[in-house]
Amino acid sequence: MSDVGIFVDGISKRFDKVQALNGVSGHFYNGNLYGLIGPAGAGKTTLFRIMLDLMRANSGAVHYNENGRKIPFGKIQEHIAYMPQSQSLYADLSVSEHLDFFRKLYGLADGQYIKKRDELVQLARLGDFLDRPAGQLSGGMYKKLGLICALLRAPQIMFLDEPTNGVDPISRREFWGLLNEARQMGILIIVSTAYMDEAERCNEVLLMERGRVLASGRPDELLKQYDSKNFDDLFFKRGKQIYEK
């Protein structure tokens, strides 16, 4: 797997009177798990769409690098997996049928597919549910199926937009365990979430509110820097410092 990185430089985006993003910057490197942390309306999904070339920014730029050299988005596009907020699986297809569908979609050879499928099913602990339709899975199992379908193509970069939203605490913990397994494969993973407690599960975070980055860096260092006991406390302190100036 090549060494990939994403550089976001001063991205701003306005929708009529709403400033969705205001000078957002950040660097992302493979083998790390990044969190975009913030409530609804913070600009997380808009930033994802700009990074995925689905939307144009009003100003700023997104650069993709491979082995230290800037590359066009088209060169890396096929190596990116994206899990949107909305349900993206087919309710009437079983777990096994989903995996076979994505095998055909990605053009995987039979030998390569069988080995990868077995590894991912075991990793997600879905072996006892291969014949169950996606529409009958629990919220946690549904999200894990979506993740392993994305991992089937062995992506270099993964974007996951609020993947644990509405999922019970135990399933959230299991899902984050899967993400850490994927990170150890060398994949660059960027997750957006409104759950402040999930910030501490990331290697680095961008804490966002109203289209701005309130703070960014390693979770433990940020908590120490802003003398905060948790990210709820840090979010409140930074928001107060910035918006009450």
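This is a predicted model, so every value here is computed, not measured.
Using modelled atom types, one side-chain atom of S12 and one backbone atom of G23 make a donor-acceptor pair closer than 3.5 Å. Put simply, the side chain of Y142 gets close to the backbone of L89: a donor and an acceptor are under 3.5 Å apart. Side chain of K143 to backbone of P163: a donor-acceptor contact under 3.5 angstrom is found. Side-chain atoms of E97 come within 3.5 Å of backbone N or O of S94 as a donor-acceptor pair.
Contact annotation: the side chain of N30 never approaches that of I157 to less than 4.5 Å [non-hydrogen atoms, C-beta and beyond]. Considering only heavy atoms from C-beta on, I80 comes within 4.5 Å of F73 through its side chain. Between R212 and V24, the closest side-chain pair of non-hydrogen atoms is not below 4.5 Å. Counting only heavy atoms from C-beta outward, the side chains of L223 and S228 approach each other to under 4.5 Å. Residues L206 and F28 are in side-chain contact: their nearest non-hydrogen atoms beyond the backbone lie under 4.5 Å apart. Side-chain atoms of V62 and F7, non-hydrogen and from C-beta on, never get closer than 4.5 Å to each other. Within the 4.5 Å cutoff, no side-chain heavy atoms of H63 are placed close to those of I71. V191 is listed as a side-chain neighbour of I189, based on a closest heavy-atom distance under 4.5 Å.
Taking the salt bridge (charged side-chain N to carboxylate O under 4.0 Å, His left out) definition, one finds that K104 meets it with D100, sequence neighbours left out. The side chain to side chain donor-acceptor pair (under 3.5 Å) search around D168 returns S171, not counting sequence neighbours. Checked against salt bridge (charged side-chain N to carboxylate O under 4.0 Å, His left out), R56 has the following partners two or more places apart in sequence or in another chain: D53. For the salt bridge (charged side-chain N to carboxylate O under 4.0 Å, His left out) test, no residue two or more places apart in sequence or in another chain qualifies with K70. Partners of E66 according to the salt bridge (charged side-chain N to carboxylate O under 4.0 Å, His left out) rule, which considers only residues two or more places apart in sequence or in another chain, are K75. Under the side chain to side chain donor-acceptor pair (under 3.5 Å) criterion, R172 pairs with D197, E198, not counting sequence neighbours. For D232, there are no side chain to side chain donor-acceptor pair (under 3.5 Å) partners at least two apart in sequence or on another chain. For R173, the side chain to side chain donor-acceptor pair (under 3.5 Å) criterion is met by no residue, not counting sequence neighbours.
A distance of 8.0 Å separates CD1 of I190 from OH of Y34, quoted to the nearest 0.5 Å. The OH atom of Y64 sits 9.0 Å away from the CD atom of Q77 when rounded to the nearest 0.5 Å. Atom-to-atom distance recorded for R153:CZ and K116:NZ is 12.5 Å, nearest 0.5 angstrom. Going from atom CZ of R201 over to atom CG of L179 covers 10.0 Å, rounded to the nearest 0.5 Å. Residue L152 holds its CG atom at 12.5 Å from NE2 of H98, rounded to the nearest 0.5 Å. Atoms CG and CD, on N32 and E204 in that order, are 6.5 Å from each other to the nearest 0.5 Å.
When every heavy atom of V205 is checked against every heavy atom of A199, the shortest pair comes out as CG1-O, 3.5 Å. Of all heavy-atom pairs between V4 and L188, the closest is O-CD1, 4.1 Å. R103 and D110 make their closest contact through NH1-OD1, 3.2 Å (heavy atoms, listed as atom of the first residue, atom of the second, distance). Annotation for C202 and P219: closest pair O-CG, 3.3 Å, computed over non-hydrogen atoms. The two atoms that bring L207 and M196 nearest to each other are CD1-SD, 4.0 Å, heavy atoms only.
Both L108 and L99 sit in one connected hydrophobic cluster of ILVMFWY residues. Membership requires side-chain heavy atoms under 4.5 Å apart, directly or through other members. Residues M83 and V167 fall into different hydrophobic clusters, defined by Ile, Leu, Val, Met, Phe, Trp and Tyr side chains chained together at heavy-atom separations under 4.5 Å. F102 and M185 fall within a single hydrophobic cluster, where Ile, Leu, Val, Met, Phe, Trp and Tyr side chains are chained together by heavy-atom contacts under 4.5 Å. L234 and Y195 fall into different hydrophobic clusters, where Ile, Leu, Val, Met, Phe, Trp and Tyr residues are linked whenever their side-chain heavy atoms come under 4.5 Å apart, directly or through other members.
You'll find the ring centres of F231 and F235 outside the 6.0 Å limit. The six-membered or imidazole ring of F101 lies near that of Y90, with a centre-to-centre distance under 6.0 Å.
Sequence neighbours left out, not one pair with a member in residues 214-224 passes side-chain hydrogen bond (donor to acceptor under 3.5 Å, both in side chains). Residue pairs meeting the side-chain hydrogen bond (donor to acceptor under 3.5 Å, both in side chains) criterion with at least one partner in residues 17-29, sequence neighbours excluded, are R14-Q19.
In the displayed structure, F236 atom CZ is contacted under 6.0 Å by at most 12 heavy atoms of other residues, nucleotides or ligands. Summarising the local packing, CD1 of I170 is surrounded by 12 or fewer heavy atoms from other residues, nucleotides or ligands at distances under 6.0 Å.
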Distance-only donor-acceptor hits, side chain of residues 36-51, under 3.5 Å, sequence neighbours excluded:
unit_1: K44; atom_1: NZ; unit_2: G38; atom_2: O; d: 2.7
unit_1: K44; atom_1: NZ; unit_2: P39; atom_2: O; d: 3.0
unit_1: K44; atom_1: NZ; unit_2: E162; atom_2: OE2; d: 3.3
unit_1: T45; atom_1: OG1; unit_2: Q85; atom_2: NE2; d: 2.7
unit_1: T45; atom_1: OG1; unit_2: D161; atom_2: OD1; d: 3.3
unit_1: T45; atom_1: OG1; unit_2: D161; atom_2: OD2; d: 2.8

With a 3.5 Å cut-off and sequence neighbours excluded, list the donor-acceptor pairs that the side chains of residues 118-141 form with protein atoms.
unit_1: E119; atom_1: OE2; unit_2: K115; atom_2: NZ; d: 2.8
unit_1: R125; atom_1: NH2; unit_2: E174; atom_2: OE2; d: 3.3
unit_1: S138; atom_1: OG; unit_2: M141; atom_2: N; d: 3.3

What's the verdict on side-chain contact (heavy atoms from CB on, under 4.5 Å) for I148 and R117, showing C-alpha distance, side-chain angles and the deciding distance?
-> CA-CA 8 Å; I148 66 172; R117 179 199 63 189; over 6 Å; no

Mind running side-chain contact (heavy atoms from CB on, under 4.5 Å) on Y82 and L160 for me, showing each step along the way?
-> CA-CA 6 Å; Y82 174 48; L160 301 97; over 6 Å; no

